[in-house]
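Everything on this sheet refers to the single structure shown next.
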Amino acid sequence: SQTIHQWPATLVQPVGSPLSLECTVEGTSNPNLYWYRQAAGRGLQLLFYSVGIGQISSEVPQNLSASRPQDRQFILSSKKLLLSDSGFYLCAWSGLAGGDTGELFFGEGSRLTVL
Amino acid sequence: SQKIEQNSEALNIQEGKTATLTCNYTNYSPAYLQWYRQDPGRGPVFLLLIRENEKEKRKERLKVTFDTTLKQSLFHITASQPADSATYLCALDISAGNMLTFGGGTRLMVKP
């Protein structure tokens, strides 16, 4: 069966510090991968998605970046965090190519607090 | 711009009653719509998908309707239980590229 792992679960970082959140998927190959952010009491905002190794599309311009160094690994990074980067970050995967009705499978999330 | 709207106010109902949540969207004709459940501090979990040519979909105590003329989906939980208390999110692929856009979610509280 497929599983998705996301870490760290929580972190507190000072403004201006770097960030690295990691996500790995097991039990499937060539998944579509996504990073979403959820601010307190808000809906999910799509940040990045990837349809393959090294292929990253950004939905929202900001100081965050994403990379996909391996088929089932997705990394969210920042060189310098802002206060506004605080939130609940969710990694997700789907098993179908674009244009189909793939449901998303989410990780447990990473709660980031920037102070 | 595309908008997906869900009632941001919490819905409080008594156990055993039917909960009805609404998802409205504008400026788009999605091929399908999905509903997810999210518990506090957890990632969303997929519940149901309904296609544009389906008027209604059922799964156990869950029922989803999809009115493409009204641009609205209704999500029903019959015989609600306190364990149904959670935030429910609707989602659409507005880009025809398997990139889901989510509504803000509606929090449901079922009281015993």
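In what follows, chains are A, B, ... by sequence order, proteins preceding strands, each numbered from 1. What you see below is based on every heavy atom in this structure, not just the backbone, and it leaves out hydrogens, waters and symmetry mates.
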Next item on the list: Walk me through it: do A:Phe105 and B:Val45 pass the test side chain to side chain contact (heavy atoms under 4.5 Å, CB included)?
Entry: CA-CA 7 Å; A:Phe105 299 91; B:Val45 175; over 6 Å; no

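- For an aromatic pair to be called close, the ring centres must be under 6.0 Å apart, and A:Tyr36 with B:Phe102 satisfies this.
- The heavy-atom pair separating A:Leu44 from B:Pro44 by the smallest distance is CD2-CG, 4.0 Å.
- Within 6.0 Å of the CD atom in A:Gln55, the count of heavy atoms belonging to other residues, nucleotides or ligands exceeds 12.
- By the criterion of side-chain heavy atoms lying less than 4.5 angstrom apart, applied directly or through intervening Ile, Leu, Val, Met, Phe, Trp or Tyr residues, A:Leu81 is grouped together with A:Leu11 in one hydrophobic cluster.
- Residue B:Tyr28 is grouped with residue B:Ile4 when hydrophobic side chains (ILVMFWY) are merged at heavy-atom distances under 4.5 angstrom, including chains of intermediate members.
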Check: Can you check side chain to side chain contact (heavy atoms under 4.5 Å, CB included) on B:Arg42 and A:Leu90, steps first, answer last?
Finding: CA-CA 9 Å; B:Arg42 308 291 295 274; A:Leu90 288 156; over 6 Å; no

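- Within the 4.5 angstrom heavy-atom criterion, only side-chain atoms of B:Gln38, from C-beta onward, approach chain A.
- A chain of hydrophobic side-chain contacts below 4.5 Å, direct or via other Ile, Leu, Val, Met, Phe, Trp or Tyr residues, connects B:Tyr88 to B:Leu48.
- Heavy atoms closer than 4.5 Å to chain B are found in the side chain of A:Gln38, but not in its backbone.
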Check: For B:Leu100 and A:Leu46, what are the C-alpha separation, side-chain angles and deciding distance, and is it a side chain to side chain contact (heavy atoms under 4.5 Å, CB included)?
Finding: CA-CA 8 Å; B:Leu100 291 183; A:Leu46 179 62; over 6 Å; no

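- Heavy-atom neighbours of A:Arg37 CZ from other residues, nucleotides or ligands within 6.0 Å: above the threshold of 12.
- Around CD of B:Glu60, the count of heavy atoms belonging to other residues, nucleotides or ligands within 6.0 Å does not exceed 12.
- Not a single donor-acceptor pair under 3.5 Å links the side chain of B:Tyr36 to the backbone N or O of A:Glu103.
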